[in-house]
Protein chains: 2
Amino acid sequence: MKDREQRKQSKGLFIAVRKNYLSNYSKKLRVDLHEEAWYNESVNVYGRRMSVIPTIKDVAREAGVSYATVSRALNNHPEVSDDTKKRIIKIALEMGYQPNAIAQGLVKKETKTVGLIIPDITNPFFPEVARGIEDAAVEAGYTIFLCNTNWNAEREERYLNVLMQKQVDGLIIGPSSEEISHLGKILDSRIKTVFISRAINHANSTCIIIDNVLGAEQAVEYLIERGHRKIAFIGGREDISTNRERLQGYTQAFRNNGLELDESLVKTGSFKRDSGYFIMNQLLKSDTCNRPTAVFAANDLLALGVIQAVKENGLSIPQDIAVVGFDDIEFASLPEIQLTTVAQPKYDMGKLAFTTLMELMRGGGYSSGRKILLDPVLVVRKTG
Amino acid sequence: MKDREQRKQSKGLFIAVRKNYLSNYSKKLRVDLHEEAWYNESVNVYGRRMSVIPTIKDVAREAGVSYATVSRALNNHPEVSDDTKKRIIKIALEMGYQPNAIAQGLVKKETKTVGLIIPDITNPFFPEVARGIEDAAVEAGYTIFLCNTNWNAEREERYLNVLMQKQVDGLIIGPSSEEISHLGKILDSRIKTVFISRAINHANSTCIIIDNVLGAEQAVEYLIERGHRKIAFIGGREDISTNRERLQGYTQAFRNNGLELDESLVKTGSFKRDSGYFIMNQLLKSDTCNRPTAVFAANDLLALGVIQAVKENGLSIPQDIAVVGFDDIEFASLPEIQLTTVAQPKYDMGKLAFTTLMELMRGGGYSSGRKILLDPVLVVRKTG
DNA sequence: ACGATCAATCTAACCGTTTTGAAGAAAAAA
DNA sequence: TTTTTTCTTCAAAACGGTTAGATTGATCGT
């Protein structure tokens, strides 16, 4: 009874202090006013208001209970009486208490955090996937670390270490290189991992990828159907499976149709626009008699570069040269572009990646090693 | 020798325990086993190899020193002898020891982590800025949390809370709404914050923005110079300062030239392509006699939508209608687009945002309240 | 040979939570 | 009344690091 009376009183003072919040007011004064509960007050540091962050102990002191009880109340454990629970929650709210997720992470060995490692965030393909991942993550109460490697394997590895140290619960990786020795470490660790966009040749790896071979095959078969025979392949980094698989689809389409392919029309560089531009320019300039009538580019960025080169050489698309890309980034559908391309379900792939990761994280490792192959869709527009 | 024998044995027991993990398994038993160094061994759990992560204590035991010494050795403190240091580092390396950043964060009250809150990652403007931020962050040893709000103020607020709980050292925010009450809380807290892309009306806020008024003014003055009088403004969300400022530059350009502006040509929606498309369509259909001869769109995405609408209405650009955008996203420079637009130094803005944040984080609050205004550059291409 | 100095290392406290096992009080049963 | 049961609450031990202060042993000057 008396306890409660006292508590009320102290709360009264507490409010009074809050009202003075903005004016002159020293820590000492505050402590005088309020015995213990000086926390959550703001302090003048260098003429700037800064609030002292209340911890669970501060809440406990204010409520006159042990901090274990506060923890239980806030986490809605059944062994705390409803009265106390309500009272504690109210006080915590008033004090603006926010649990320290770092401390929680330490004891719970779970950080509600996942890492997203991608090679190039300026390729619109990845933001779209990232948005899917993020939406699913928010829903599940997770936050994601953004790790952009700029196609740099070393940076990828460094990120991998950092993320391990930061105790992420899971990892979604769009690998930047085919060198996976450093990835193996992750796969054997407790950290659940889902690979997107490129598969990893490891039994335990869970991968969500589009059927690159099929997609490329469809694209090139389409070009063959349209009568093209000299079809160039302009790819990204040679060592990357995405590229290899799309190249494989390309060759397969030739084989399917009993055609012979011209190795000199197969070129690779990086997955960027300027690379497509550069390669296409070379192709057009070096050998005018063996000029391709169509180009299959390994992604849309490359295709856009190719288109630029073609136009700058005074040729028209698709009359002189047809161009087909891969990914179907948003800008491929612009009326000025109208790029024919192989579409991937980017946003949904992101969502799927996260939900699959959640399954892994919940499931304790049962379902790892799955390879999920998504269906590509050829979107025919104006360039091919 | 004997030690190793024992460890092996204990590993065996440990496995047995792990298998019972989910069922009955008492803490007591684990502690008994714990005695020995079973760390860093890999264990079969559910038929999958998983390594048990070694802690600093495990390293200490292996090295035969206290774990304080290990900590000091690994952090290269001078009070550890070089011999011990080397020995400990070697052992730590062998064991694959990785410091637990969560534990470090708890005691150091610093997480080497910053939050990046942006409204729309699929707008290429933001990935470009993000890349700048990220590159600077990596260099400084920080990791960033990606928080995409989808222009949703509520989600922004939720993220803000989450990031506070996760004890980020700093925050870079591209605000999603003009309602900043929830941002005030952050500004008063210990968390250093830099706003990008939009300024926040708060004395203590540090903002890095482009001079929107000037940029818009330049763009519209350019259109006026080219003889346009009926210039429409197609904006994003009305309540957002970026939009207001660009609108202000627009009106200012009219005023500068003693021209009167037609309010019916000022329209706002959202900062997305479909919004530009929709608004422009309306504008073209509703009132054919009062049709604008030029459009200043508040960002490039809107401009692309506008262009699409114009073309679909059988009009040509820039002959019938000139279009100018804002941001200069990469795709604005495509030969098929050639969008005239106001360029922002996106990547550098990102770098600057992070270095400024670093200054704040280091400086203990001295230099907050700075507003950094970057210069826009009108890039004249083919659409206006 | 003595205490003082110094370098190297250790012990223990701490960061902010969760959770286990114990304790206390009230209610129910004997 | 005493014992048992049930419901709340508490104290203390983790979690994995960092760091202040104590301790030890060797080196030194005298």
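As the structure is a computational prediction, the values presented were derived from the model and not from experiment. Order of the sequence lines fixes the chain letters, A, B, ..., with proteins taken first and strands second; residue numbering starts at 1 for each chain.
Here the straight-line distance linking atom CG of B:L116 with atom CG of B:L163 works out to 9.5 Å at 0.5 Å rounding. Of the inter-residue distances, the one linking A:T206 atom OG1 with A:L171 atom CG reads 12.0 Å to the nearest 0.5 angstrom. To the nearest 0.5 angstrom, B:I200 atom CD1 is 5.0 Å from B:F195 atom CZ.
Here C:dA8 presents its C1' atom at 15 Å from CG of B:N76, a figure rounded to the nearest Å. What separates CE of B:M164 from P of C:dT17 is a distance of 12 Å, to the nearest Å. Spacing between atom CD of B:Q167 and atom P of C:dT17 amounts to 8 Å, rounded to whole angstrom units. In this entry the distance linking NZ of A:K85 with P of D:dT9 reads 10 Å, nearest Å. Computed from coordinates, the A:R61 CZ to D:dA11 P distance equals 14 Å when rounded to whole Å. Distance, B:D83 CG to C:dA7 P: 16 Å, rounded to whole Å. What separates CG of A:L74 from C1' of C:dG16 is a distance of 13 Å, to the nearest Å.
Using a 4.0 Å cut-off, no side-chain N or O of B:T84 falls inside it from OP1 or OP2 of C:dA8. Side-chain N/O atoms of A:S81 include none lying less than 4.0 angstrom from OP1 or OP2 on D:dC7.
Residues forming a ring pair (Phe, Tyr, Trp, His ring centres under 6.0 Å) with A:Y159 (at least two apart in sequence, or on another chain): none.
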Q) How far apart are the C-alpha atoms of B:V138 and A:R158, what are their side-chain angles, what is the distance that settles it, and do they pass the side chain to side chain contact (heavy atoms under 4.5 Å, CB included) test? A) CA-CA 10 Å; B:V138 166; A:R158 243 195 308 160; 3.9 Å; yes

Exercise for review: Start with the C-alpha distance between A:E110 and A:M361, add both sets of side-chain angles, then the distance that settles side chain to side chain contact (heavy atoms under 4.5 Å, CB included), and finish with yes or no.
Suggested key: CA-CA 10 Å; A:E110 184 197 39; A:M361 295 192 297; over 6 Å; no

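Taking five base pairs at each end of the helix from C:dA1-D:dT30 to C:dA30-D:dT1, the local helix axes there meet at an angle of 60°, rounded to 10°.
Salt bridge annotation for B:K108-B:D169: absent, with no cationic side-chain nitrogen under 4.0 angstrom from a carboxylate oxygen.
By the 30° and 60° cut-offs, the orientation of the rings of B:F145 relative to A:F145 is parallel.
Residue B:S66 is in base contact, counting any heavy-atom pair closer than 4.0 Å across all strands shown.
Closest approach of B:V80 to B:A73, counting heavy atoms only: CG2-N, 4.0 Å.
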Return the polar atom pairs (N/O with N/O) between nucleotides 16-18 of chain D and the protein under 3.5 Å, or none.
{"residue": "D:dG16", "atom": "OP1", "partner": "A:K109", "partner atom": "NZ", "Å": "2.7"}
{"residue": "D:dG16", "atom": "N2", "partner": "B:A103", "partner atom": "O", "Å": "3.4"}
{"residue": "D:dG17", "atom": "OP1", "partner": "B:Y97", "partner atom": "OH", "Å": "3.4"}
{"residue": "D:dG17", "atom": "OP1", "partner": "B:N100", "partner atom": "N", "Å": "3.4"}
{"residue": "D:dG17", "atom": "OP2", "partner": "B:I56", "partner atom": "N", "Å": "2.8"}
{"residue": "D:dG17", "atom": "O5'", "partner": "B:Y97", "partner atom": "OH", "Å": "3.0"}
{"residue": "D:dG17", "atom": "O5'", "partner": "B:N100", "partner atom": "N", "Å": "3.4"}
{"residue": "D:dT18", "atom": "OP1", "partner": "B:N75", "partner atom": "ND2", "Å": "3.2"}
{"residue": "D:dT18", "atom": "OP1", "partner": "B:Q104", "partner atom": "NE2", "Å": "3.0"}
{"residue": "D:dT18", "atom": "OP2", "partner": "B:S71", "partner atom": "OG", "Å": "2.4"}
{"residue": "D:dT18", "atom": "OP2", "partner": "B:N75", "partner atom": "ND2", "Å": "3.4"}

